[in-house]
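Some notes on the structure that comes next.
This is a predicted model, so every value here is computed, not measured.
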Protein chains: 4
Amino acid sequence: MTTSASRRPLRADALRNRAKVLAAAEEVFAVQGTSASTDEVARRAGVGIGTVFRHFPTKESLLEAVLVALLERLAEEAEGLRSADDAGAAFFGFFARVVSRAKVKQAVTEALAEAGVDAHDRAGTAGPGLKAALGVLLARAQAAGAVRADVSAGEVMALLAGLCYATERAGADEGVLRVVFDGLSARRADPRGAGPSAT
Amino acid sequence: MTTSASRRPLRADALRNRAKVLAAAEEVFAVQGTSASTDEVARRAGVGIGTVFRHFPTKESLLEAVLVALLERLAEEAEGLRSADDAGAAFFGFFARVVSRAKVKQAVTEALAEAGVDAHDRAGTAGPGLKAALGVLLARAQAAGAVRADVSAGEVMALLAGLCYATERAGADEGVLRVVFDGLSARRADPRGAGPSAT
Amino acid sequence: MTTSASRRPLRADALRNRAKVLAAAEEVFAVQGTSASTDEVARRAGVGIGTVFRHFPTKESLLEAVLVALLERLAEEAEGLRSADDAGAAFFGFFARVVSRAKVKQAVTEALAEAGVDAHDRAGTAGPGLKAALGVLLARAQAAGAVRADVSAGEVMALLAGLCYATERAGADEGVLRVVFDGLSARRADPRGAGPSAT
Amino acid sequence: MTTSASRRPLRADALRNRAKVLAAAEEVFAVQGTSASTDEVARRAGVGIGTVFRHFPTKESLLEAVLVALLERLAEEAEGLRSADDAGAAFFGFFARVVSRAKVKQAVTEALAEAGVDAHDRAGTAGPGLKAALGVLLARAQAAGAVRADVSAGEVMALLAGLCYATERAGADEGVLRVVFDGLSARRADPRGAGPSAT
DNA sequence: TATGAATGAGTGTTCATTCAT
DNA sequence: AATGAATGAACACTCATTCAT
């Protein structure tokens, strides 16, 4: 279930470098977007360009690794809330925290977007991981009556991606988040479909 | 109503070329994303690359012009609904139509995002234009009791951008749109702030 | 029947540059071998690297153009001898002249080798051109009784390539050429197959 | 008989590794040409890249060692024919066998070419070794009246290199070999120089 | 001694932008 | 004004070679 599928475990220093590169890539892509150059990543990591390519043989694979790492961290965070007392607060709190992080990190948005699209299998293993963890949070919040019953984990992830994007690129603030939270919450009089038609 | 403040009025054929380039750019960027090459735009427009750069001295400025044109069209569309009978339907219908268009046009998303960020003055004149037109739609829908009173036009634009992004990149569908519509609609028991906290 | 298949004829200066690049490539590849860099070619031609790639979109295509040009020149030379008085002298003289040129130009060897291999169609149109011209020379020399009848133009081209290689890389001299000429000449007592078996 | 003049004798396992690397290099260069990477050689040998460079400090030296090994084997083969009954058959058979091997092994050609050029001292000791062995075969064949008297061992080696090249790169077949054999054979009416002039 | 991770100069290629025609 | 050839910095990626483990 770990990320690397390498034959033998990497040497300690190699592992350290891999981590340095990954961290640098995360920073660089977060700030400059995914079109930042691999040279920039190497520079920030303090390693030679060859080292970057030794660990991640294409830029694509580096990007993928960054996304996977992000998604894994989010999934862990979600799993940590799995048995929180207030299921509703856990769900909405997680959602808000992810969005607030996007204010700085473009990569979060992209990671979420990729994770939501199954066709593009870049985020391969990690996407489902997050979706599953989020699913648990969602199910508990629904059972507790805090979230409407007719929303799927996939829909929540799409909302998450959209909100992150809106926050980071279109200047969305808590007002916007509140609207979405209200849309998600169960406290509403009307049965499904009674609201404004979504087509 | 025109965007450019050029010194002398363009000759007829120059104007025609400018329009051809703009149309081609819109198509190309919509399909291939904004990283498509200017050569590709020139080819599609059937003009030389020099002509593209004569009218839009940098790629950035070409991109900006495309976004502005998009926003102007959206603003016009919104203005056309200004005196619709059902103010709620007008508002939600406009929203849904914009989002559905994003399924094909990557540029729409970006245009909306840019328009929402005042700091970035790329979309200069056109952003406010759309915001104003949308504001009218919103105010009427709020007056008619179809949309909650505590949302601003800026927030709606951010939501629009987020939804477009979610639709185009994260596979969002009508389920997601419905959630947002419910969040926006006025039919809810609780006064502001009673829902899940957005911080 | 010309080399370029471009839509419209190149401008005069573009043609000039194309020629400069081609000439530079020929020199560079002749001296340093085909693994010389395209940057080197650009430098020698006195143009920017972009110009090289505008005319020859890959290194492969540049190489091909160089080979084609070489083969075309050889073919022209062969055609010029088509109606020489002494058919034998024409044939052997052409052969010797080509080989002597290889002393300086690695590319000649490679061009001939490529031309001889039909599978590899790099030298596409030009290879057959040379083979045909050489075929005429050969047929006339055979008719004149100067060259044995059981050799084909393809075999002569392979010999030519081999001799060029031997000359340029293995220090072959006229002694070696003489042996091959004797092998090719008709003045021999034995009918085919009476010599040392070639298997 | 060994090539290296290293300070202290290698340990048994080191020797074994050296041999493994050499064998792998031979295979790799034979199949992929001399531009194959040293990493590939290490992989094929089943050793680390560091080991390759410990034994052969540059790629150039590895290449040289491969060529030397090839030439040594050819020399041994030639020596084995030193006292064959039919001196002519021995000579021509050896020649044909070497050429036929070139069909698969690019390196053979290069080895022969290098061996023929004294200036380039890469094949240092081994080149002369082959030339000497070949010289014996040649002298005996000449004494037996099977090969013309006015050819030197060096010329034969150049011919060998050229034929290998022609075979491997220009599609030469037995027809070509036959021509050369006829040129080399003694059964000809004319004294030296009566044939077509080689200049 | 053997390993393989690290290095960085070098490669082929692209593309926004300039400028001669 | 329009053209498209020319430019060269920038990019992703490779590979011979070095060096810490």
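- Ion pairing of Glu64(B) with Lys59(B) is absent here, as no side-chain N (NZ or NE/NH1/NH2) approaches a carboxylate O to less than 4.0 Å.
- Under 4.0 angstrom from either OP1 or OP2 of dA2(E) there lies at least one side-chain N or O belonging to Asn17(D).
- Residue Thr51(B) is classed as a base contact, given a heavy-atom separation below 4.0 Å to a base.
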Can you check side-chain contact (heavy atoms from CB on, under 4.5 Å) on Tyr165(A) and Arg169(B), steps first, answer last?
CA-CA 11 Å; Tyr165(A) 181 82; Arg169(B) 305 279 297 269; over 6 Å; no
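- Here the P atom of nucleotide dT17(F) and the CD atom of Glu60(D) are 9 Å apart, to the nearest Å.
- The partner of dT7(F), taking Watson-Crick or G-U wobble pairs whose two distances both stay under 3.5 Å, is dA16(E).
- When Watson-Crick and G-U wobble pairs are counted only if both distances are under 3.5 Å, dT11(E) pairs with dA12(F).
- In this structure, CZ of Arg18(A) is placed 18 Å from P of dG4(E), rounded to the nearest angstrom.
- Residue Thr38(A) has a polar side-chain atom (N or O) positioned under 4.0 Å from OP1 or OP2 of dA12(F).
- Distance check: Thr38(A) OG1 to Leu62(A) CG gives 8.0 Å after rounding to the nearest 0.5 Å.
- Between Gln32(A) atom CD and dA10(F) atom C1' the separation is 13 Å, expressed in whole Å.
- Distance, Arg54(D) CZ to dA20(F) P: 14 Å, rounded to whole Å.
- A residue-by-residue look at Gly48(C) and Ser35(D) shows that Gly48(C) has its nearest nucleotide of DNA chain F further toward the 5' end.
- Base-pair partner of dA1(F): not found among the strands shown (Watson-Crick or G-U wobble, both distances under 3.5 Å).
- The distance from the CG atom of Leu15(C) to the NE2 atom of His55(C) is 8.0 Å, given to the nearest 0.5 Å.
- Here the CZ atom belonging to Phe29(D) is positioned 11.5 Å from the CG atom belonging to Leu70(D), to the nearest 0.5 angstrom.
- The CG atom of Asp39(C) sits 14 Å away from the C1' atom of dT14(E) (whole-angstrom rounding).
- OP1 and OP2 of dT1(E) both lie 4.0 Å or more from every side-chain N or O belonging to His55(D).
- Between dT14(E), dA2(E), dA12(F), one nucleotide has an atom nearer to the side chain of Phe53(C) than all others, and that is dT14(E).
- Of the candidates dA12(F), dT17(F), dA2(F), dA12(F) carries the atom nearest the Lys59(A) side chain, counting heavy atoms from C-beta on.
- Residue Glu40(A) contributes atom CD, which lies 17 Å from atom P of dC13(F) at whole-angstrom precision.
- Take the nearest nucleotide of DNA chain F for Gly50(C) and for Gly50(A): the residue whose nucleotide is more 5' is Gly50(C).
- Taking every side-chain heavy atom of Ile49(D) into account, dT18(F) is the closest of dT13(E), dT18(F), dC13(F).
- Between Ala36(B) and Val52(A), the residue anchored closer to the 5' end of DNA chain E is Val52(A), taking for each the nucleotide with the nearest heavy atom.
- Considering only the side chain of Asp13(A), dT21(F) comes nearest among dT21(F), dT17(F), dA1(F).
- Between the CZ atom of Arg43(B) and the P atom of dT3(F) there is a distance of 14 Å, given to the nearest Å.
- Glu64(B) places its CD atom 17 Å from the C1' atom of dA16(E), with the value rounded to the nearest Å.
- Taking the charged nitrogens against the carboxylate oxygens, Arg73(A) and Glu26(A) do have a contact shorter than 4.0 Å, which makes a salt bridge.
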